Amino acid sequence: MSAPADPTPRTAGDDEIAAVEEQLRSLFVRVRAVWKEAAAAVDPDLQPVGYKILSAVVRRGPMHAGAIAEALEIDKSVVSRQLKQLEVLGLATTVPDPKDGRARIVEPTLVAVERVGGKRSRMQQQLYAQLRTWPADDVGDLARLLARLTGDVLAEGGDRAADA
């Protein structure tokens, strides 16, 4: 007679976690390269962080600078400098907030919407093409596990901020 299986799953060891860390590092390196390429495709003088800001405004619609900083977890001074550059490049405008005349809202220009939208579509094509070759359950599992990891990391970061 064999012993019953242990119902408690084994937790990940350092080797498994290191393998995940390495894959995330490789993914982040590629994402940074894609942001750099995307920024250059929109405008040769656009920095990757400016592209991230611009794409957020294109995707989400007009936003306050503070909301951009919060959403992207970027320092407000960096957002401010990048917004000035985006205006110089003709990619964004700021308009008074109709609810609070002291505040300004950032809006993408039509040129920005066209350029960012087109680039984003090309970047997404590769991801979609690759994931379409995967079984649907694997794609669902990947999304679920990434959401779980993101939630756990954000919760842990929030706990540290509360402890500080």
Side-chain angles (χ1 to χ4, degrees), residues 12-94 105-161:
D14 287 350
D15 289 343
E16 289 109 345
I17 295 169
V20 169
E21 182 181 28
E22 178 60 24
Q23 292 307 310
L24 287 173
R25 186 198 64 72
S26 295
L27 178 62
F28 295 154
V29 166
R30 181 65 190 131
V31 167
R32 281 191 298 270
V34 166
W35 282 334
K36 188 175 180 178
E37 293 167 12
V42 170
D43 189 286
D45 294 326
L46 183 61
Q47 296 178 12
V49 70
Y51 175 79
K52 286 171 53 177
I53 291 167
L54 184 61
S55 63
V57 175
V58 166
R59 191 174 56 255
R60 298 175 186 192
M63 301 173 70
H64 289 102
I68 294 169
E70 185 177 320
L72 299 178
E73 296 186 19
I74 299 172
D75 188 82
K76 287 180 184 180
S77 65
V78 172
V79 171
S80 179
R81 284 191 301 273
Q82 290 301 313
L83 290 176
K84 288 177 187 172
Q85 179 69 5
L86 290 171
E87 286 186 289
V88 167
L89 296 173
L91 299 170
T93 60
T94 58
I105 297 176
V106 180
E107 296 181 341
T109 63
L110 291 175
V111 170
V113 172
E114 290 172 7
R115 291 182 187 173
V116 170
K119 183 58 181 172
R120 189 174 62 229
S121 295
R122 286 189 296 275
M123 288 187 302
Q124 286 177 336
Q125 285 175 4
Q126 185 178 12
L127 175 65
Y128 279 60
Q130 289 302 314
L131 291 180
R132 280 191 181 108
T133 67
W134 290 22
D137 288 346
D138 287 356
V139 175
D141 288 346
L142 177 62
R144 180 183 54 77
L145 292 169
L146 287 172
R148 178 178 166 191
L149 179 60
T150 300
D152 289 351
V153 168
L154 291 175
E156 180 68 23
D159 291 346
R160 283 192 199 143

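The model shown is predicted, which means the values in this text are computed figures rather than measured ones. Any value given below was found using the heavy atoms of this structure, including those in side chains, with hydrogens, waters and symmetry copies removed. Counting begins at 1 with the first residue of the sequence.
Sorted by first and then second residue, the salt bridge (Lys or Arg N to Asp or Glu O under 4.0 Å) pairs with a member in residues 124-141 read D141-R144; sequence neighbours excluded. Within the structure, salt bridge (Lys or Arg N to Asp or Glu O under 4.0 Å) contacts touching residues 13-35 (residues at least two apart or in different chains) are R10-E16, E22-R25, R30-E37.
Heavy-atom minimum distance, L83 versus A65: CD1-CB, 3.8 Å. Across all non-hydrogen atoms, the minimal contact from V139 to W134 is CG2-CB, 3.7 Å. When every heavy atom of P62 is checked against every heavy atom of I105, the shortest pair comes out as CB-CG2, 3.4 Å. Of all the heavy atoms in M63 and A56, the pair that sits closest is SD-O, 4.2 Å. P48 approaches K36 most closely through the heavy-atom pair CG-CA, 3.8 Å. Nearest heavy atom pair, residue A92 against residue T109, reads N-CG2, 3.6 Å.
Surrounding CG of L110 are at most 12 heavy atoms belonging to other residues, nucleotides or ligands under 6.0 Å away.
Under a 3.5 Å cut-off, the side chain of T150 and the backbone N or O of L146 do form a donor-acceptor pair.
Between atom CG of residue L131 and atom CG of residue L142 there is a gap of 7.0 Å, rounded to the nearest 0.5 Å.
Side-chain contact between D43 and R115 is present, with heavy atoms from C-beta onward closer than 4.5 Å. No side-chain heavy atom of I68 sits under 4.5 Å from any side-chain heavy atom of I74. In this structure, L145 and L149 have side chains that are not in contact, with every pair of non-hydrogen atoms separated by 4.5 Å or more.
Residues Q85 and Q47 bring no donor and acceptor atom of their side chains to less than 3.5 Å of each other. For the residue pair T93/E87, the side-chain donor-acceptor check at 3.5 Å is not satisfied.
A side chain to side chain contact (heavy atoms under 4.5 Å, CB included) with L86 holds for exactly one of V42, V57, I53; it is I53.
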